[in-house]
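The structure under discussion appears below in the form of structure tokens.
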Amino acid sequence: MTTQDSTPSGNDSYGHKKFKRSKSHFADRVTADGRDGWPVDAGRYRLVVSRACPWAGRALIARRLLGLEGALSLAVTDPVQDDRSWRFTLDPDDRDPVLGIRFLSEAYEARETGYPGGVSVPAIVDVPSGKLVTNDFQQITLDLATEWTALHRDGAPDLYPEALRDEIDTVMEDIYREVNNGVYRAGFAPEQSEYESACNDVFHRLELTSERLAGRRYLVGDTITEADIRLFCTLVRFDAVYHGHFKCNLWKLTEDPVLWAYARDLFQTPGFGDTIDFDHIKRHYYQVHTGVNPTRIVPLGPDPTGWLTPHHREELGGRPFGEGTPPGPVPEGEEVPAAGRP
């Protein structure tokens, strides 16, 4: 998630100019062979996320499912950032205890002095140098699945199976264009026609996706893949913020029996719901996007306890982790606070 404008009035600009998602400026990759100068190395890198952000949420889930918690440390930012970027005010002395910085922008500046773009999460930072390595949210999770295999836990699932990659890529592209990014196009649209076009795209793709999932447990194949992670990160935020704050209100997630059951199935799967903080999600969207919600009032609802109700999707079969096993308990210190859980 990126601040749209680096000027002092950046957060006020949301909803007042045409929305266009910036490409990731820092697209280096952390790979097994280190071809970009960043080899996979346990303990060397730090993953910086906001639990509010759907793009960072992907990395949180992948890291949990693959068991990379001991190899890739985690920094969680305050959900309410200001125009100086994501800040570490949840930590003692308002500094990340490993990187020693107050704002994520400091890691960007260490990488490129005078960097003029937005500061986004997820971000991988090289701990020894303090430099940002990558903010390429589209590639980070794919590399965690395919390049970090030597550090995966025993029983880690294959989230990007080679035989299914073409189908996974096609499904993910459609969902990204019309759902993952579509809700932002609707929410930040400065004109009625742009909003209506984006909103219609969102629900058209959701309806097609509901049809796809009516007789199958997961989007591609019979196991959880990267495609499910990416769709889930939007669905879990849908009724809490996209339905009201972004005006994607033709219907609620809870009003589509298939998508609501699918989303609950994933939420109740270890590695998904245990990364979700509804308090962070709502406070970020409603308090940061002041151009859309100038009062910064955060709504009390919706009631999140429905996420824990039976879904019955297991009746469709499927093997959530394939030949693997569920991830273990959430590491100490990484638990979602009670205020953010159902």
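What's counted below: heavy atoms across the whole structure, side chains too, no hydrogens, waters or symmetry copies. Since this is a predicted model, take the numbers as computed values, not measurements.
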>> Would the distance check show the side chain of Thr141 and the main-chain N or O of Ala62 forming a donor-acceptor pair, the cut-off being under 3.5 Å?
In response: no
> Can you check whether Thr275 reaches Arg58 side chain to side chain, under 4.5 Å on heavy atoms?
Replying inline: no
> Do the side-chain N and O atoms of Ser73 and Arg46 include a donor-acceptor pair separated by under 3.5 angstrom?
Replying inline: yes
>> If we ignore hydrogens and angles and just use 3.5 Å, is the side chain of Arg313 paired with the main-chain N or O of Ala261 as donor and acceptor?
In response: no
> Are Arg217 and Asp228 within salt-bridge range, i.e. N to O under 4.0 Å?
Replying inline: no
>> Can a donor-acceptor pair be found, under 3.5 Å and without considering hydrogens, that links the side chain of Arg283 to the backbone of Tyr285?
In response: no
> Thinking salt bridges, do Glu106 and Arg111 make one under a 4.0 Å N-O criterion?
Replying inline: no
>> For Lys282, is there an ion pair with Asp279 - N to carboxylate O distance below 4.0 angstrom?
In response: no
> Should we count CZ of Arg165 as having more than 12 external heavy atoms under 6.0 Å?
Replying inline: yes
> Does the separation of the ring centres of Phe103 and Phe88 fall below 6.0 angstrom?
Replying inline: no
> Is Arg205 salt-bridged to Asp201, cutoff N-O under 4.0 Å?
Replying inline: no
> What heavy-atom pair brings Ser120 and Leu104 nearest, and what distance separates the two atoms?
Replying inline: O-CD2, 3.6 Å
>> Could you tell me if Gln139 and Thr134 have a donor-acceptor pair between their side chains, going purely by distance under 3.5 Å?
In response: no
> How close do Ala27 and Asp36 get, heavy atom to heavy atom, and via which atoms?
Replying inline: O-OD2, 4.5 Å
> Asp274 and salt bridge (Lys or Arg N to Asp or Glu O under 4.0 Å): which partner among Arg63, Arg64, Arg51?
Replying inline: Arg64
>> How about CG on Asp33, more than 12 heavy atoms from neighbouring residues, nucleotides or ligands closer than 6.0 Å, or not?
In response: yes
>> When you compare the side chains of Arg230 and Gln138, does any donor N or O come within less than 3.5 Å of an acceptor on the partner?
In response: yes
> Quick one: does Leu219's side chain get under 4.5 Å of Thr209's, heavy atoms only?
Replying inline: yes
> Stepwise, does the side chain to side chain donor-acceptor pair (under 3.5 Å) test hold for Thr309 with Arg264?
Replying inline: CA-CA 8 Å; Thr309 58; Arg264 298 198 321 276; 3.1 Å; yes
> Where do Val179 and Leu206 land on the side chain to side chain contact (heavy atoms under 4.5 Å, CB included) test, with the steps shown first?
Replying inline: CA-CA 7 Å; Val179 178; Leu206 287 177; 4.1 Å; yes
> Got a second to check how far Ile140's CD1 is from Ile124's CD1, nearest 0.5 Å?
Replying inline: 4.5 Å
> Going hydrophobic residue to hydrophobic residue with side-chain gaps under 4.5 angstrom, can you get from Leu266 over to Val336?
Replying inline: no
> Has the side chain of Glu255 got a donor or acceptor atom that lies under 3.5 Å from a matching backbone atom of Lys252?
Replying inline: yes
>> Looking at every non-hydrogen atom in both residues, tell me the closest pair between Tyr242 and Pro54 and how far apart they are.
In response: OH-CG, 3.6 Å
> Out of curiosity, Thr254 OG1 to Asp303 CG, how far, rounded to the nearest 0.5 Å?
Replying inline: 11.0 Å
> Are Tyr218 and Tyr176 joined in one hydrophobic group, where the rule is that I, L, V, M, F, W and Y side chains link up if heavy atoms are under 4.5 Å apart?
Replying inline: yes
> Where is the tightest heavy-atom contact between Pro342 and Pro304, given as atom of each residue plus distance?
Replying inline: CB-O, 3.4 Å
>> Under 3.5 Å, is there a donor on one side chain and an acceptor on the other for Asp143 and Tyr160?
In response: no
> Which pair of non-hydrogen atoms, one from Leu159 and one from Leu65, has the smallest distance, and what is that distance?
Replying inline: CD2-CD1, 4.0 Å
>> Is the distance between the ring centroids of Phe246 and Phe188 under 6.0 Å?
In response: yes
> Short question: side chain of Asp78, backbone of Gln81 - any donor-acceptor pair under 3.5 Å?
Replying inline: no
> Is Glu194 salt-bridged to Arg185, cutoff N-O under 4.0 Å?
Replying inline: no
>> Does any part of the side chain of Lys247, heavy atoms only, come nearer than 4.5 Å to the side chain of Cys199, both counted from C-beta?
In response: no
>> Hydrophobic clustering (ILVMFWY, side-chain heavy atoms < 4.5 Å, transitive) - are Trp260 and Leu316 grouped together?
In response: no
>> Taking Glu109 first and then Arg84, would you say they form a salt bridge - that is, a charged N and a carboxylate O separated by under 4.0 Å?
In response: no
> Mind checking whether Trp307 and Phe267 have parallel, tilted or perpendicular rings, split at 30° and 60°?
Replying inline: tilted
>> Checking His204 against Asn200 for the side chain to side chain contact (heavy atoms under 4.5 Å, CB included) test, could you report, in this order, the C-alpha distance in whole Å, the side-chain angles of both residues, the deciding distance, and whether it holds?
In response: CA-CA 6 Å; His204 171 69; Asn200 284 326; 6.0 Å; no
>> Tyr195: which residues meet the ring-ring contact (aromatic ring centres under 6.0 Å, His included) condition with it, sequence neighbours left out?
In response: none
>> If the condition is ring-ring contact (aromatic ring centres under 6.0 Å, His included), which residues does Phe203 pass it with, not counting sequence neighbours?
In response: Phe238, Trp251
>> Quick check for you: to the nearest 0.5 Å, what is the distance between Leu66 atom CG and Ile61 atom CD1?
In response: 11.5 Å
>> Restricting to non-hydrogen atoms, name the atom on Asn180 and the atom on Leu231 that form the minimum distance, rounded to 0.1 Å.
In response: ND2-CA, 4.4 Å
> Which is it for Tyr115 and Phe26 under the ring-ring contact (aromatic ring centres under 6.0 Å, His included) test, yes or no, and what are the steps along the way?
Replying inline: CA-CA 11 Å; Tyr115 165 65; Phe26 299 99; 5.0 Å; yes
> How long is the gap from CD on Glu211 to CZ on Arg216, to the nearest 0.5 Å?
Replying inline: 13.0 Å
> Is Asp94 paired with Arg87 through a side-chain N to carboxylate O contact shorter than 4.0 Å?
Replying inline: no
>> List the residues meeting side-chain hydrogen bond (donor to acceptor under 3.5 Å, both in side chains) with His245, not counting sequence neighbours, and say none if there are none.
In response: His289
> Salt bridge check: are Arg35 and Glu147 linked by an N-O gap of less than 4.0 Å?
Replying inline: yes
